Amino acid sequence: MTVTLPDGSPLELESGATGADAAAAIGPGLAKAALAIRVGGETRDLGAPLGDGEEIEIVTAKSDGALDLIRHDAAHVMATAVCELYPGTRVSIGPPIDGGFYYDFEFPEGVTVSDADLEAIEKRMAEHIAADEEFERTDIPVAEALERFREEGQPYKVELIEDLVANERVETVSLYRNGPFTDLCRGPHAPSTGRIKAVKLNSLAGAYWRGDETRQMLTRIYGTAFFSKQDLAEHIERIEQAKARDHRRLGPQLDLFMFRDESPGMPFWLPQGTVLLDLIEAEVRKQLDKHGYVRVDTPQILDEELWHRSGHYDNYRENMFFTQPAERARDEHARRFAVRPMNCPGACLVFDNGRHSYRELPLRLAEFGRVSRYEREGVLHGLLRVRAFTQDDAHVYCTREQAPDEVIAIVEAIDELYSRFGFDQVDVELSTRPEKSIGSDEEWEEAEAMLRSALERLGREYRVNPGDGAFYGPKIDFHVTDALGRSWQLGTCQLDFFMPERFDLTYQGADNQDHRPLMIHRALLGSMERFAGILIEHYGGRFPDWLAPTQAAILPVADRHAEAAEAMLAELAALGVRARVDARSESVGKKIRDAELSKVPYMLVVGDRELDAGGAAVRSHEDGDLGVLDAGAIAARLSSAG
RNA sequence: GCCGGAGUAGCUCAGCUGGCAGAGCGCGUGUCUUGUAAACACGAGGUCACGGGUUCGAUCCCCGUCUCCGGCUCCA
């Protein structure tokens, strides 16, 4: 028979030949390097038989997806080690994931495994890898497999097989054996465990069986595997780098913000961080002005009744803080209040003030609105998941005809704003009706169609997230990719027919009749604080000149230069430069070092020579020595960079 | 909320099998008057997260609570 290689050339093989035979026929080097075979894009075991006329490709360490293959192998090896060390362990699933693999186990009653035990598991894995055990596939009938796993006391495997039968009507399943361990597995696998050249177990975590909160909590062990020790070392190095730019570390280090036990999940912004927030806000305001928004400011505490009207009480109560005045705390008939988790009801009350003509629409009400949400313990994460934050929120009231143009304008504002902060890749997601929601199917369909058509008019590619919309309407979410390649959700644009209904909002049309406006909820950055956290990580705390909370550190050489340094500070401040003076009795070297560590982009040394020249010796972190410049030249350099 | 881990000076961390609490940095004071990534000396700083228990005696062992870290679930 004949198969075709990737370069189009034919390869003659005896009928019944396998992937391994094909690799051997091409050359002994390839035979040794071969891990699997790809047939028409589908990866299979090297031992799988080939068919006449198939297009094949030998998978080696260099192929796409090869890492996933050995990481999957490594997951099996880990399960092997774990089952040996903890007899009676029930195994579940162990797939490769981005950057590594995991396997979920249920340990026998009374056994707890902790990070300290990972070393022993790793050691046992190393023995199986050194033994270079083969991965051996067998296909057996479902009935036989069920019996086998029932006998072995592996209920998770039994459940998986039962689901395969129910969902995919399979009649046989495949088993893979390596050494003493046999697992239900679709494959494919490399020929043997020795192909894993470097493996490391990272961490331990609880994980619900099948991701379901109501089901058994399993113990997940995370690890990673590579084709060389060096690749592993580089991977560890990358993780270290990500740690170094973690905003939770940089925030306190650079005096940007802090957290305190007195208010878990609610950041305290320090003077330096507040400057950063103000700078971010200024950029948002530019977009507001450009796109015809007016700003409002509404209360954070509102009557509980309002939240019943808006639907939040029914759909969002678990995440809300409630509050009442002390003297009424015990009076069950007293008015009850809630701290707002969203700004929209307040905006609706603003719209409800007075009568509106169709000529006023679209009415774009923007608010930097502080919201508070009760997030469950265990989900808080630095600035990225908090209990109180400021949304760069806005609610656009418009007619149905106006809505598509409004959505398009919002997408454009988002693109402009993100690129200002160095994010050029923006991914768009459309989320549709969730289970817990209000309104009719027809209205949801109309709203979803409206969002789709706006995206299509923009020629934007987007992904659909079924069931992920807000309870009052479908939404478009905007994601950016940061300097480390991680994706973050920022902005959102949500269409809402229902809130105007619930608040009985109307405008007077050209026909002199009352009409219901449509409402668009939108945020460009989402949470100001979260965005600041993302920016800290994106730039690793080393902000561009225009965004640095402190742009220049003025460093007097000796105590006698302090006065000149203060004069320079005043001059720069007048020119809009954010500078500070380091007047400590320390050496210049020390002051430079401290300024560098606090990631100040410019250091201005003021000594006898500079006094004569009427300026400061400028040292830039980026470009080094810039010579002596006066305040005007320094300010010009900073503003041109912005 | 769930699983695993952690909490010692402002920060980073050491502290053996239970026996009076330690370092570096930072901070304060003094000396030096500093020239492009760390001058020197001295000093102050602690309810060892909090509450209970075991013990002659607890930072250390046990129980509970709070917070943080890695995940799971959740993220409207």
Side-chain angles (χ1 to χ4, degrees), chain A residues 97 102 104-107 112-118 202-222 243 246 248-249 252-253 255 258-265 310-312 314-320 341-342 344 371 373-382 384-387 431 433-438 467-473 475 477 489 492 494 521 526-527 530 553 555-562 584-598 603-610 617-621 624-626:
Chain A
I97 51 171
Y102 68 80
D104 287 346
F105 304 102
E106 186 188 357
F107 289 104
T112 53
V113 175
S114 76
D115 298 275
D117 302 308
L118 295 183
N202 301 323
S203 61
L204 209 82
Y208 299 105
W209 168 234
R210 303 204 137 175
D212 184 342
E213 209 177 350
T214 63
R215 304 202 60 180
Q216 178 69 35
M217 168 75 68
L218 306 175
T219 303
R220 174 171 298 179
I221 303 179
Y222 284 95
K243 254 190 213 166
D246 190 323
R248 291 169 301 177
R249 179 193 288 224
Q253 228 169 55
D255 293 321
M258 64 169 190
F259 283 95
R260 294 272 306 203
D261 285 359
E262 286 85 343
S263 190
S310 67
H312 286 85
D314 288 334
N315 292 282
Y316 204 68
R317 187 183 31 203
E318 318 83 72
N319 289 296
M320 290 174 64
M342 293 188 200
C344 32
V371 295
R373 302 176 179 185
Y374 177 75
E375 300 286 358
R376 293 159 96 186
E377 285 93 359
V379 306
L380 301 175
H381 185 92
L384 303 184
R385 189 77 182 272
V386 292
R387 285 184 176 154
S431 295
R433 183 170 194 172
E435 272 180 37
K436 225 178 174 186
S437 56
I438 53 181
D468 217 25
F471 72 80
Y472 45 73
K475 60 176 186 170
D477 289 325
Q489 189 199 315
T492 183
Q494 314 176 344
H521 307 238
S527 152
R530 177 181 144 93
L555 313 178
V557 172
D559 291 350
R560 65 177 181 279
H561 305 117
R584 294 173 304 166
S585 277
E586 294 283 358
S587 66
V588 173
K590 171 71 167 164
K591 292 179 186 178
I592 296 267
R593 178 182 154 82
D594 287 348
E596 287 284 1
L597 288 175
S598 56
M603 284 141 280
L604 313 178
V605 177
V606 178
D608 292 333
R609 295 202 293 267
E610 291 75 18
V618 180
R619 171 184 159 127
S620 144
H621 170 77
D625 187 5
L626 299 179

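Keep in mind that this is a model prediction, so the values were computed, not measured. Residue numbers begin at 1 in each chain, while the letters A, B, ... track the order of the sequences.
Nucleotides B/rC16 and B/rU36 have their P atoms positioned 45 Å apart, rounded to a whole Å. The same atom, P, is picked in B/rA58 and in B/rU73; the two are 44 Å apart, to the nearest Å. The C1' atoms of B/rG26 and B/rA9 are separated by 11 Å, rounded to the nearest whole Å. Atom name P, nucleotides B/rC42 and B/rA37: the rounded distance is 28 Å, in whole Å. Nucleotides B/rC13 and B/rG71 are separated by 26 Å at their C1' atoms, to the nearest Å. Across the C1' atoms, B/rA44 and B/rG30 are found 14 Å apart, a figure rounded to whole Å.
Rounded to whole Å, atom P of B/rG71 lies 18 Å from atom CZ of A/Phe105. Atom CG of A/Asp477 is separated from atom C1' of B/rC75 by 11 Å (rounded to the nearest Å). Counting to the nearest Å, the C1' atom of B/rU33 and the CZ atom of A/Arg584 are 15 Å from each other. Between A/Glu213 atom CD and B/rG71 atom P the separation is 18 Å, expressed in whole Å. Rounded to whole Å, the distance from CZ on A/Arg249 to C1' on B/rC11 is 12 Å. Taking atom CZ of A/Arg560 as the reference point, atom P of B/rC32 lies 14 Å away to the nearest angstrom. The CD atom of A/Gln489 sits 14 Å away from the C1' atom of B/rC74 (whole-angstrom rounding). The CG-P distance, from A/Leu597 to B/rC25, rounds to 14 Å in whole Å.
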Listed pairs, N/O of protein and of nucleotides 60-68 of chain B, under 3.5 Å:
| from | atom 1 | to | atom 2 | distance (Å) |
| --- | --- | --- | --- | --- |
| B/rU67 | O2' | A/Asp261 | OD1 | 2.7 |

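A/Arg387 is linked by a salt bridge (Lys or Arg N to Asp or Glu O under 4.0 Å) to nothing, counting only residues two or more places apart in sequence or in another chain. Under the salt bridge (Lys or Arg N to Asp or Glu O under 4.0 Å) criterion, A/Arg609 pairs with no residue at all, not counting sequence neighbours. With sequence neighbours left out, A/Asp477 forms a salt bridge (Lys or Arg N to Asp or Glu O under 4.0 Å) with A/Lys475.
Contacts of A/Ala207 with the nucleic acid, taken as non-hydrogen atoms under 4.0 Å apart, involve only primed sugar atoms and P, OP1 or OP2. Residue contacts for A/Gly469: at a heavy-atom cut-off of 4.0 Å it reaches the sugar-phosphate backbone alone, with no base atom in range. At a threshold of 4.0 angstrom between heavy atoms, the contacts of A/Met603 with the nucleic acid are absent. Within 4.0 Å (heavy atoms only), A/Lys591 reaches no atom of the nucleic acid at all. A/Gly211 comes within contact range of the sugar-phosphate backbone alone, with a heavy-atom separation under 4.0 Å but no base atom that close. Within the 4.0 angstrom heavy-atom criterion, no nucleotide atom of any strand lies near A/Asn202. Residue-level contact check: A/Ala617 touches the bases, meaning some heavy atom is under 4.0 Å from a base atom. When heavy atoms are screened at a 4.0 angstrom cut-off, A/Asn319 is found touching base atoms of the nucleic acid.
Distances were taken from every side-chain heavy atom of A/Asp559 (C-beta onward) to each of B/rU73, B/rU34, B/rG70; the shortest belongs to B/rU34. Considering only the side chain of A/Tyr208, B/rC2 comes nearest among B/rC2, B/rG4, B/rA37. Here the side chain of A/Glu610 is nearest to one of B/rG71, B/rA37, B/rG35, namely B/rG35. Closest to the side chain of A/Glu596, from the set B/rU73, B/rA37, B/rG4, is B/rA37. Out of B/rG71, B/rC75, B/rU36, the shortest distance to the side chain of A/Tyr222 is found at B/rG71. Among the nucleotides B/rC27, B/rU36, B/rC74, the one closest to any side-chain atom of A/Ile592 is B/rU36. Residue A/Arg609 places its side chain closer to B/rG35 than to any other of B/rC3, B/rC72, B/rG35. Side-chain proximity of A/Ser203 to the nucleotides B/rU36, B/rG70, B/rC27 is greatest for B/rG70. Checking B/rU34, B/rA37, B/rG4 against every side-chain atom of A/Ala558, the shortest atom distance belongs to B/rU34. Each of B/rG4, B/rG70, B/rC75 was ranked by its minimum atom distance to the side chain of A/Arg385; first place goes to B/rC75.
Within 6.0 Å of atom CZ in A/Arg260, 12 or fewer heavy atoms from other residues, nucleotides or ligands are found, so the atom counts as exposed in its surroundings.
Using modelled atom types, one finds no donor on one side chain facing an acceptor on the other under 3.5 Å when comparing A/His312 with A/Asn319. For A/Asp115 and A/Ser203, the side-chain atoms include no donor-acceptor pair closer than 3.5 Å. Between A/Tyr208 and A/Gln216, the side chains place no donor N or O within less than 3.5 Å of an acceptor N or O (distance only, hydrogens not considered).
Map A/Asp468 and A/Arg210 each onto its nearest nucleotide of RNA chain B; the residue landing nearer the 5' end is A/Arg210. Each of A/Glu375 and A/Asp625 lies near RNA chain B, and the nucleotide nearest A/Asp625 is the one positioned closer to the 5' end.
Contact annotation: A/Arg215 side-chain N/O to B/rC72 OP1/OP2 distance is not under 4.0 Å. For the OP1/OP2 pair of B/rC69 and a distance below 4.0 Å, the side-chain nitrogens and oxygens of A/His381 include no atom meeting the criterion.
The closest side-chain heavy-atom distance from A/Arg530 to A/His381 is not below 4.5 Å. A heavy-atom distance below 4.5 Å is found between the side chains of A/Pro341 and A/Met320.
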Revision key, fill the gap. 5' to 3', nucleotides 38-52 of chain B under a 4.0 Å protein heavy-atom cut-off (B base, S sugar-phosphate only, - none) gives BB-------------
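Not a single donor-acceptor pair, N or O on each side, falls under 3.5 Å between the base of B/rC74 and the side chain of A/Arg376.
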Exercise for review: Assess whether salt bridge (Lys or Arg N to Asp or Glu O under 4.0 Å) is satisfied between A/Glu586 and A/Arg593, documenting all intermediate values.
Suggested key: CA-CA 11 Å; A/Glu586 294 283 358; A/Arg593 178 182 154 82; over 6 Å; no
Exercise for review: Go through A/Arg619 and A/Asp625 one step at a time and tell me if the salt bridge (Lys or Arg N to Asp or Glu O under 4.0 Å) criterion holds.
Suggested key: CA-CA 5 Å; A/Arg619 171 184 159 127; A/Asp625 187 5; over 6 Å; no
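Screening A/Val588, A/Val618, A/Ile592, A/Asp594 for a side chain to side chain contact (heavy atoms under 4.5 Å, CB included) with A/Met603, the sole residue that qualifies is A/Ile592.
In summary, A/Arg210 and A/Asp212 do not engage in a salt bridge, as defined by a charged side-chain N under 4.0 Å from a carboxylate O.
Listed by first residue number, the stems of RNA chain B with at least three Watson-Crick or G-U pairs below 3.5 Å are B:1-7 with B:66-72, B:10-13 with B:22-25, B:27-31 with B:39-43, B:49-53 with B:61-65.
A donor-acceptor distance shorter than 3.5 angstrom exists from the side chain of A/Lys591 to the backbone of A/Arg584, with no hydrogens or angles considered. Side-chain N or O atoms of A/Ser437 include none that pairs as donor or acceptor with a backbone N or O of A/Arg433 at under 3.5 Å.
More than 90° away from 0 lies the glycosidic angle of B/rG4, which makes this nucleotide anti.
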